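To keep things clear, I will list the structure first and then write my remarks on it.
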Amino acid sequence: MADELPVTRFESEIVDLVKKHDVVVIIGETGSGKTTQISQILHRAHFTASGMIAITQPRRVAAVSVARRVASEMNVRLGEEVGYSIRFEDRTSDKTQIKYLTDGCLLRELLSDSELKQYSVIILDEAHERSLNTDVLLGLLKRLAGRKCPDLKIVITSATLDGEKFSSFFSGCPVMKIPGKLFPVEVLYSTEQPINYIESAVQTALEIHTQEGPGDILLFLTGKDEIDKAIKKLEDRIRLLEEGSCMDAVILPLHASLEPELQVRVFAPSPTTCRRIIVATNIAETSLTVDGVVFVIDPGVVKQHQYSPATGMYSLVVVQISRVQATQRAGRAGRTRPGKCYRLYTETMFENELAAVTVPEIQRSSLTSAVLHLKSLDLKEVNVLEFEFLDPPSRASLEDALQQLFIIDAIREDGSITSLGKRMAVLPLEPSLSRALLAAEEASCLNEALTIAAMLSCESLFVANSKKSSSNKRDLEFKNLPDGKGLGDHIQLLQIYEEWREDGFRAEWCEQHGVKTRSMMFARDIRKQLSQIIQWESKGSSRYKQKGPDLVALRKSLCIGFSNRLAHRMQRHNGYRTLGTKSQLVQVHPSACSMEVDDDGLLPEWVVYNELVNTGRPYIRNVCAVEGSWCQPALKKLSSLSVNKLGGTQSNSGQRAKQEEKETVQTEKAGLEKPSAVQKEVVAAARRPLFEGPKNIAFCTKAGDYVKDMVCCLQGLQSLSVE
DNA sequence: GAGCACTGC
């Protein structure tokens, strides 16, 4: 079977190239067999004599399934000659020669073995996906290649024709191209830009269903909401079709937040008697492959997470896909036989308006973790601001990361890493959370803080209610859950975990309480891993309280991680350009001080709320973001004050923003150039004299876009007034 | 009444 793969025809060429060069780029289209074969080819050429071959994958499932396949092709037991290593699971042994691992795992290994001495070859697979981890690895491997580690060979594999870019990054290394095994896909463009792409997509699906021959349909949308909406439309209209006029249809949703049992339905063999219409998010673009798809409908949009170093916040925005993504989507129609791809945009738009490639993740993310990682590697002669990235992030983004790290005591003013920073880098957590753990260790409440950190690391704890009518039922379920004693979300998370633990970690407990079993199990694994790491690091000297948790100490510890970040924001908004010390912050902002050192150990959101209640006006100056359950009362209180014209009630403005987003989704870009209706109102309100003294407002997150809008606007105002 | 793409340590 392996002989049929295109890559095997190039065996001797690949071996020659890798022997002659330190770095080789291999471009292999889908179906070329590069992921399973290149490791075996290099193994046969005895590269494993001097060390293991590592192949990185962006995803866990891929690392596991590919390792399994290679082991069976080589007729060895998994975990012996061929193994894999992912978080929570290391299936390698002394015998292992070929090791598949996630890119994040290899990055972790670099922390303890900075020259990767145990490997002879590193293969960075799927480099075109440009995950944050892959990009950091690319930069680090460039430093290792050649001079520093003369025996280490590096192979970069990618699916797009972006070989020249990789090659010039690695000082002109050779590029080899291997053909793929995709069937031709006919691409059809819209003649005009649809006003509503969901409606247009549903129409197209119906036309295919009633007019085309057999073959499943894959429709890309941006999120769960849209998917549910489209499915309802499709179901309604297919029901209206005349009985027997066409084949039956099964409509299936596919997105990451779907219960695994429902996700599996998409991978069951396609029934011959009816057509499947799969309505999916981007998950079907790379992560999951659905067999049997012959028709792809591509509205050309995707929901993207992007970080703004100016506001220090992430937003989810709907953006146009790139031409690379469009090609990838089309390719999904040609895996089993020739297919068709319907693009719901014009050819002119494809040529002229779509970006050639997707903005790499490294330019859309907070770099705090990545920079801390680089700092902890102790690379001499390296200034992070000048670190060589394939696509360098903006200077603002790097400076933001450095400032955040300084604020949480991870680096000094000269940029060197502190001993605290070194310990934080080893923890697989967002640095501010690592900082909170170390503070908790100091305050003898590590046990509880570990639980909170683990609970914060798993997404969507609560079971989603599918129907609106069940919301009452959901409320009942929530009544059985701890409420955090009015001390905030973090304490509530701790209490939930504690109750589950006391109950013996049972799945039934989760089901009874409306909590996702999978998330709780995940939290348990993370907690175990964190506690192992932090105790190795502190050489087993961590202290535990024998009695119940000291909640005040615990919340204070969390503040050291989180509220410093808050103070940092305020500092920046007050126009401090240089890195300040904490005593300066105290002068800038009394609340920043009280948040950090207050004996009550109050959480920031509580501080905000308290100030509102006690003083009747926000004492907090300038913009800041507050996380937690107190944001709702705080927001209400604030809107009952003089700020009540801030775009009406929260839900109204939210709806308005949504509506506007719908209308302008194809063209509107995020940012300040085109303020939304909400933004305009906020700007107007902020211009009205509210309080004496500097014009300033404190705000709370968890109210989503609304607050982001405000922060963006006030940012804009601030810079105006500076001029 | 939040949460809302996808990964990963």
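Bear in mind the structure is a predicted one, so any value in this text is a computation, not a measurement. In what follows, chains carry the letters A, B, and so on, assigned in the order in which the sequence lines appear, proteins first and then strands, with residues in each chain numbered from 1.
The nearest whole Å value for the distance from the CG atom in A/Asp525 to the P atom in B/dC9 is 12 Å. Residue A/His373 contributes atom NE2, which lies 13 Å from atom C1' of B/dG8 at whole-angstrom precision. If you take OH of A/Tyr307 and C1' of B/dA5, they are 19 Å apart, rounded to a whole angstrom. Following rounding to the nearest Å, A/His305 (NE2) and B/dC6 (P) show an atom-to-atom distance of 12 Å. Residue A/Leu258 contributes atom CG, which lies 14 Å from atom C1' of B/dA5 at whole-angstrom precision. Atom CD1 of A/Ile321 is separated from atom P of B/dA5 by 17 Å (rounded to the nearest Å).
Between A/Glu129 and A/Arg59 there is a salt bridge, with a side-chain nitrogen of the basic residue lying less than 4.0 Å from a carboxylate oxygen of the acidic one. In summary, A/Asp135 and A/Arg130 engage in a salt bridge, as defined by a charged side-chain N under 4.0 Å from a carboxylate O.
Not counting sequence neighbours, A/Glu115 has no partner by the salt bridge (charged side-chain N to carboxylate O under 4.0 Å, His left out) test.
Set against B/dC9, B/dA5, B/dC6, the side chain of A/Arg108 has B/dC9 as its closest nucleotide.
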Item to check | Stepwise side-chain contact (heavy atoms from CB on, under 4.5 Å) check, A/Leu219 with A/Ile278 | outcome: CA-CA 6 Å; A/Leu219 161 58; A/Ile278 295 135; over 6 Å; no
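A donor-acceptor pair shorter than 3.5 Å cannot be found between the side chains of A/Arg108 and A/Asn133.
A/Arg59 comes within contact range of the sugar-phosphate backbone alone, with a heavy-atom separation under 4.0 Å but no base atom that close.
Shown for residues 126-135 of chain A: no residue has heavy atoms falling under 4.0 angstrom of DNA chain B.
Here the side chain of A/Thr56 pairs no donor or acceptor atom with the backbone of A/Asp103 at under 3.5 angstrom.
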